[in-house]
Amino acid sequence: QVQLVESGGGLVQPGGSLRLSCAVYGSISSIFVMNWHRQAPGKQRELVAAITRGGSTNYADSVKGRFTISRSHAENAAYLQMNSLKPEDTAVYYCNTQDYSDYVHSREGSWGQGTQVTVSS
């Protein structure tokens, strides 16, 4: 079992940047895929970025070219670098992981508590 703790959220102006961190407590090598989700008030949860154990990445169209997901085995952490932030990026951002068994059986896996990102002038 893996436990996750997000950090790095805050209030930024449009066009600014933030880097979110996801600390992993457990074996990061057991994680098959790491995801960043976000949920804004009144909206469904949205998958914004994903990275596999092998380093392959995918992004939602809304963030492509602005956000970068990464993971560090040595640091036991995953990151989401967010540039050129827009007001519509405002949401609670969640780190989520699935091990191979979770992925194959479509289980949700582990979740962090979330970190608030607010983009406003």
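The basis for the numbers below is simple: all heavy atoms, side chains too, and nothing from hydrogens, waters or symmetry mates.
Relative to the ring axis of Y94, R45 does not place its NZ or CZ within 45° and under 6.0 Å from the centre.
Of the charged side-chain nitrogens involved, none lies within less than 4.0 Å of a carboxylate oxygen, so that D89 and K86 do not count as a salt-bridged pair.
For the side-chain contact (heavy atoms from CB on, under 4.5 Å) test with V2, the passing option among D102, D99, V24 is V24; the others fail.
The number of heavy atoms from other shown groups lying within 6.0 Å of OH (Y59) is above 12. Within 6.0 Å of CD in E88 there are more than 12 heavy atoms belonging to other residues, nucleotides or ligands.
Ring geometry for W111 versus H37: interplanar angle of 30 to 60°, hence tilted.
Separating the CD atom in Q44 from the CZ atom in R38 is a distance of 14.0 Å, to the nearest 0.5 Å. How far CD of Q81 is from OG of S17: 6.0 Å, rounded to the nearest 0.5 Å.
Panel note: side chain Q113, backbone E6; a donor-acceptor pair is recorded below 3.5 Å. A distance-only check finds no donor-acceptor pair linking the side chain of Q39 to the backbone of V92 [under 3.5 Å]. A donor-acceptor pair is defined here as one N or O able to donate and one able to accept, closer than 3.5 Å; such a pair exists between the side chain of N96 and the backbone of E108. Side chain of R53 to main chain of I31: a donor-acceptor pair is present (N/O by atom type, distance under 3.5 Å, no hydrogens or angles).
Side-chain contact between L80 and T68 is absent, with no heavy-atom pair separated by less than 4.5 Å.
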Would you check, one step at a time, whether the test side chain to side chain contact (heavy atoms under 4.5 Å, CB included) holds for F32 with Q98? CA-CA 6 Å; F32 181 69; Q98 295 170 294; 5.6 Å; no
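The minimum heavy-atom distance between A78 and W36, with the atom names listed, is O-CZ2, 4.1 Å. The two residues S121 and P14 make their nearest non-hydrogen contact at N-CD, 3.7 Å.
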